Amino acid sequence: MARIGGRSAWIAWPAALLCVGVVGALGWLALPMVPVSVAWAGDMLRAATTPQPPKPAAETLATRIAAAEPVDCRALYPDRLWAELTWTPDVLLSQSLAPPAGEDTSLIDALAPAVNLSCHWRVPDGRWISSTLASVAPDAAPIAEAALRGQGYSCATDAGALVCTRTTGGLLEEHTLRDGLWLASAESDWQPEGYAGLLARQVWG
């Protein structure tokens with residue numbers, strides 16, 4: 001093999017031996033980490049192939065009520081809807097344990113609800129929104145459907161929930177019954193987009 005001009009064998013050989021010695025020393029120093037690296041790789045492979053436990057179900061207002069936790073109007077409204085309502089000029093919110101607004105007392109007597117909370121929003125120009133969440137018997141849906149249809153509501157079952165709606169002039173009313181809970185909403189000349197559906201998702205997920 002041709003030699004490169006200007007390169008001295010007296011320097012190249014000691015330099016090469018020095019490099020080999022440095023590499024050997026580094027390898028010797030790294031030996032204690034070999035078992036650790038092997039164990040880490042094994043743990044990573046086992047973690048990747050071991051079935052993971054299912055994630056806990058997301059907490060909803062229904063689960064909180066089932067656990068007998070106290071709830072308030074803030075918990076009933078998703079953030080976007082809460083911001084829209086609270087930023088309405090001169091709005092007033094009152095919370096109580098009153099039964100659903102405007103409902104026939106015969107329906108209330110038939111369902112015998114235990115009201116968890118009622119949220120009533122109103123503004124000085126006369127517009128208002130009211131929503132009530134109450135606990136009822138698990139078999140209350142057929143009773144409610146018969147009564148509400150008799151009052152002119154349109155009813156349908158969606159994902160295990162009975163949903164009945166009626167519009168009279170500027171008043172929109174919607175009732176949802178599912179899993180022993182009754183969500184009743186009335187919107188008088190003030191109808192935020194998707195109001196009742198957003199509340200239903202907040203309650204049941």
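Since this is a predicted model, take the numbers as computed values, not measurements.
The main-chain N or O of C73 is found under 3.5 Å from a side-chain atom of Q95 such that the two form a donor-acceptor pair. A donor-acceptor pair is defined here as one N or O able to donate and one able to accept, closer than 3.5 Å; no such pair exists between the side chain of T63 and the backbone of E59. At distances below 3.5 Å, not a single donor-acceptor pair connects side-chain atoms of R64 with backbone N or O atoms of V71.
Between Q202 and L81, every side-chain heavy-atom pair lies at or beyond the 4.5 Å cut-off. Counting heavy atoms from C-beta on, the side chains of P113 and I108 come closer than 4.5 Å. Side-chain atoms of I129 and P192, non-hydrogen and from C-beta on, do get closer than 4.5 Å to each other. With contacts defined as side-chain heavy-atom distances shorter than 4.5 Å, the pair I65/V203 does not qualify. Side-chain contact between V123 and P89: absent, with no pair of heavy atoms (C-beta onward) separated by less than 4.5 Å.
In this structure, W121 has its ring center at least 6.0 angstrom away from the ring center of W87.
Heavy atoms from other residues, nucleotides or ligands lying under 6.0 Å from CG of D125 number more than 12.
Note: L85 CG to C119 SG = 10.0 Å, rounded to the nearest 0.5 Å. Distance check: R178 CZ to L183 CG gives 12.0 Å after rounding to the nearest 0.5 Å. Atom CZ in R122 sits 13.5 Å away from atom OG in S188 (nearest 0.5 Å). A distance of 9.0 Å separates OG1 of T60 from CG of D179, quoted to the nearest 0.5 Å. Expressed to the nearest 0.5 Å, how far CZ of R166 lies from CG of L148 amounts to 8.0 Å.
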Inset, instruction - Check the pair W182 / H175 against side chain to side chain donor-acceptor pair (under 3.5 Å), numbers first and verdict last. - result: CA-CA 7 Å; W182 174 22; H175 299 265; 3.1 Å; yes
Inset, instruction - Evaluate the side-chain contact (heavy atoms from CB on, under 4.5 Å) criterion for residues T176 and W204: first the C-alpha distance (whole Å), next the side-chain angles of each, then the deciding distance (0.1 Å), finally the verdict. - result: CA-CA 11 Å; T176 303; W204 290 285; 3.6 Å; yes
Inset, instruction - Evaluate side chain to side chain donor-acceptor pair (under 3.5 Å) for S131 paired with Y195, printing each intermediate quantity in order. - result: CA-CA 10 Å; S131 292; Y195 176 86; 2.5 Å; yes
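In terms of heavy atoms, P100 sits closest to T132 at CA-OG1, 3.5 Å. Closest non-hydrogen pair, L199 versus S185, comes out as CD2-OG, 4.1 Å.
Residues R74 and D72 are not paired through a salt bridge, judged by the lack of any N-O separation under 4.0 Å between the basic side chain and the carboxylate.
L61 is connected to L181 through a chain of hydrophobic side-chain contacts under 4.5 Å among Ile, Leu, Val, Met, Phe, Trp and Tyr, so both are in one cluster. Under the 4.5 Å side-chain heavy-atom criterion for grouping Ile, Leu, Val, Met, Phe, Trp and Tyr, L133 is not connected to W128 through any hydrophobic cluster. Linking Ile, Leu, Val, Met, Phe, Trp and Tyr residues whenever their side-chain heavy atoms come within less than 4.5 Å places L93 and V91 in a single cluster. Linking Ile, Leu, Val, Met, Phe, Trp and Tyr whenever their side-chain heavy atoms come within less than 4.5 Å puts I143 and L177 in one cluster. Clustering ILVMFWY residues whenever any of their side-chain heavy atoms sit less than 4.5 angstrom apart, transitively, puts V163 in a cluster other than the one holding L172.
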